[in-house]
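In what follows, chains carry the letters A, B, and so on, assigned in the order in which the sequence lines appear, proteins first and then strands, with residues in each chain numbered from 1.
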Amino acid sequence: MPELPEIEIIRRELFPSLVKVRIVGLEIADNKIQIRSEDILNKTIIDLIRKGKYLFVIFNDRSSLLFHLGMTGSLIYTKKREILRFQRARIATAQGFISFCDARRFGKMKFLIESEREKVLQSLGLDPFFPEYTWDNFIRLLINKNLPVKNFLMNQNWISGIGNIYSSEILFLSKVHPEKRVNKLTIKEKKSLFESIPQVLNQAIQCEGTTIRDYQRTNGTRGFFQNCLKVYDREGKPCLVCGTPIERIKLAQRSTYFCPHCQKK
DNA sequence: CTAAACGCCTGTGAGC
DNA sequence: TGCTCACAGGCGTTTA
Ligand SMILES: [Zn+2]
């Protein structure tokens, strides 16, 4: 479900409800989640950090909870204790409840001490909104890569936060064909990609994320960037720039959408 | 080493 | 209505 913009929206929405608040309970309804209540009970949340598609709830002793929402995960905040569909875990705070719902159970929820969190953060590639996202660091990543640029964008070890929807959108804005090999990109295309990545993600954040089927904000409502998608899920529909029908192909076993006229190999 | 393919999970909607 | 199939915002592991 969620890529960088959706996680960032969730982080911003949860922040005022969680920071400076104490954990008072934990209920787990899925044996794939292994957290002991005593790991987090009575700790106070001091920050919420996002990198790529990961969200960390940081406690006063620097330990943290890691959340990754997989394909269908959501974090729903409620004042009262509620039974929600596909709920895998529920955290009670002094103020309310956070429910981790996730139909396909690809998501992750783990307790980490500080050094473990550092390791996860280190393993993730450049986040497009971190200060390390610079032109020099960006082009260094492209060296010696012989794979389709779409696959490159989706690999979280190089750049973190881009998934299947936004990779197609970024490539359309950059006018780059998704199958173009990274080592064949022109300098102009590289520059265009470098700029399009934060631009598309930013627009999606302004629109509170993309809800096509599963994504929900923390109050259960939908985002609206799905109304602004230029190519994703628009197979056969006219390109909004030139009118050519949008095509769908498979790359890395994932649907990939592009305009064959605006995005030449 | 790099890059591609597979497997994990469950739900939904289209077509027959 | 009921069945089957394709498909779904991801990623860790296995294979080539
Ligand atoms: Zn076009």
Side-chain angles (χ1 to χ4, degrees), chain A residues 1-11 29-33 50-55 66-75 84-89 100-110 119-121 123-125 127-128 141-172 178-184 197 200-201 203-205 207-218 221-236 248-257:
Chain A
M1 159 181 90
E3 307 179 33
L4 185 153
E6 288 74 31
I7 306 303
E8 179 59 21
I9 291 298
I10 289 168
R11 190 193 71 80
D30 182 340
N31 58 14
K32 283 174 80 176
I33 298 175
R50 181 198 58 73
K51 183 172 182 183
K53 306 174 192 174
Y54 283 82
L55 182 68
L66 167 157
F67 285 97
H68 189 288
L69 301 186
M71 290 279 260
T72 54
S74 58
L75 291 172
L84 301 170
R85 208 169 169 216
F86 309 128
Q87 190 158 302
R88 302 179 65 190
F100 177 34
C101 304
D102 182 15
R104 287 176 76 180
R105 303 197 293 145
F106 285 167
K108 283 187 287 201
M109 175 178 173
K110 284 167 88 171
K119 231 160 100 185
V120 174
L121 288 169
S123 72
L124 289 170
D127 183 293
L141 291 173
L142 306 175
I143 297 168
N144 290 334
K145 299 268 185 327
N146 178 27
L147 76 168
V149 59
K150 201 247 191 181
N151 300 22
F152 170 81
L153 292 176
M154 300 264 295
N155 187 319
Q156 306 302 304
N157 302 129
W158 297 322
I159 298 173
S160 60
I162 302 169
N164 205 40
I165 292 180
Y166 297 114
S167 55
S168 281
E169 294 297 312
I170 288 162
L171 288 164
F172 177 76
E179 287 181 298
K180 180 124 185 184
R181 298 271 151 174
V182 170
N183 54 13
K184 297 278 167 56
I197 289 168
V200 167
L201 299 176
Q203 284 170 4
I205 291 171
C207 294
E208 325 270 322
T210 303
T211 304
I212 291 173
R213 44 185 73 79
D214 297 308
Y215 169 62
Q216 303 181 58
R217 294 173 48 195
T218 58
T221 61
R222 298 159 58 86
F224 48 95
F225 194 69
Q226 64 277 11
N227 305 319
C228 305
L229 295 173
K230 304 276 202 300
V231 288
Y232 185 85
D233 210 17
R234 295 195 67 244
E235 183 183 13
R248 176 165 72 106
I249 57 172
K250 288 268 186 196
L251 271 182
Q253 7 261 75
R254 313 291 300 276
S255 282
T256 304
Y257 300 84

Kindly indicate whether the side chain of [X], heavy atoms from C-beta on, has any atom under 4.5 Å from the side chain of [Y].
| X | Y | value |
| --- | --- | --- |
| A:Leu124 | A:Tyr54 | yes |
| A:Gln216 | A:Ile10 | no |
| A:Lys150 | A:Glu179 | no |

Any luck finding a side-chain donor-acceptor pair between A:Lys145 and A:Asn151 under 3.5 Å?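 Distance-only check fails for A:Lys145 and A:Asn151.
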Using distance alone, with no hydrogens and no angle criterion, decide if A:Asp214 and A:Thr72 have a side-chain donor and acceptor under 3.5 Å apart.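 A:Thr72 and A:Asp214 do not have a side-chain donor-acceptor pair below 3.5 Å.
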Note: A:Lys51-A:Asp127 ion pair, threshold 4.0 Å (strictly below):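 Judged by the 4.0 Å cut-off on N to carboxylate O distance, A:Lys51 and A:Asp127 do not form a salt bridge.
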Indicate yes or no: does A:Glu3 engage A:Lys53 in a salt bridge with an N to O separation below 4.0 Å.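 No.
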Does A:Phe67 form a ring-ring contact (aromatic ring centres under 6.0 Å, His included) with A:Phe100? I'd like the steps, not just the answer. CA-CA 9 Å; A:Phe67 285 97; A:Phe100 177 34; 5.8 Å; yes
Reckon A:Phe225 touches a base, only the sugar-phosphate, or nothing at all at heavy-atom distances under 4.0 Å?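 Nothing, no heavy atom under 4.0 Å.
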So does [X] get a side-chain nitrogen or oxygen closer than 4.0 Å to the phosphate oxygens (OP1/OP2) of [N]?
| X | N | result |
| --- | --- | --- |
| A:His68 | C:dC11 | yes |
| A:Ser255 | C:dC7 | no |
| A:Lys108 | C:dG10 | no |
| A:Asn151 | B:dA4 | yes |
| A:Gln156 | C:dC11 | yes |

Polar atom pairs between nucleotides 8-12 of chain B and protein, under 3.5 Å, N or O only, would you list them?
{"unit_1": "B:dC9", "atom_1": "O3'", "unit_2": "A:Arg105", "atom_2": "NH2", "d": "3.3"}
{"unit_1": "B:dC9", "atom_1": "O2", "unit_2": "A:Arg104", "atom_2": "NE", "d": "2.8"}
{"unit_1": "B:dC9", "atom_1": "N3", "unit_2": "A:Arg104", "atom_2": "NH2", "d": "3.2"}
{"unit_1": "B:dT10", "atom_1": "OP1", "unit_2": "A:Arg105", "atom_2": "NH2", "d": "3.2"}
{"unit_1": "B:dT12", "atom_1": "OP1", "unit_2": "A:Arg85", "atom_2": "NH1", "d": "3.3"}

Give a yes or no on this: more than 12 heavy atoms of other residues, nucleotides or ligands lie within 6.0 Å of atom CG of A:Asn227.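 For A:Asn227, atom CG is crowded (more than 12 foreign heavy atoms under 6.0 Å).
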So if I take every side-chain heavy atom of A:Asn146 and compare against C:dA8, B:dA3, C:dC11, which nucleotide ends up nearest?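 Between C:dA8, B:dA3, C:dC11, the one nearest the side chain of A:Asn146 would be B:dA3.
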Give the rounded distance in Å between these two atoms: [atom1] of [X] and [atom2] of [N].
| X | N | atom1 | atom2 | result |
| --- | --- | --- | --- | --- |
| A:Asp233 | B:dG13 | CG | P | 13 Å |
| A:Asn157 | B:dC1 | CG | C1' | 15 Å |
| A:Met154 | B:dA3 | CE | P | 15 Å |
| A:Ile212 | C:dC7 | CD1 | P | 15 Å |
| A:Leu251 | C:dA8 | CG | C1' | 17 Å |
| A:Asp214 | B:dG13 | CG | C1' | 13 Å |
| A:Asn164 | C:dC7 | CG | P | 13 Å |
| A:Leu153 | C:dC11 | CG | P | 14 Å |

For B:dC9 and C:dT14, measure between their P atoms and round to the nearest Å.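 Approximately 14 Å lies between the P atom of B:dC9 and that of C:dT14.
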Determine the Euclidean distance between corresponding P atoms of B:dC6 and C:dA6; express it in Å to zero decimal places.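 These two P atoms come out 15 Å apart once rounded.
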Using a 3.5 Å limit on both distances, find every run of at least three consecutive Watson-Crick or G-U pairs that involves DNA chain C.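 If one scans DNA chain C for consecutive Watson-Crick or G-U pairs, the stems found are B:2-8 with C:10-16, B:10-16 with C:2-8.
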Of A:Ala252 and A:Arg248, the one whose closest DNA chain C nucleotide lies more 5':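 Taking each residue's closest nucleotide, the earlier one in sequence belongs to A:Arg248.
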A:Leu4 pairs by side chain to side chain contact (heavy atoms under 4.5 Å, CB included) with which of A:Val200, A:Ile162, A:Ile205?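 It is A:Ile205; the other options fail the test.
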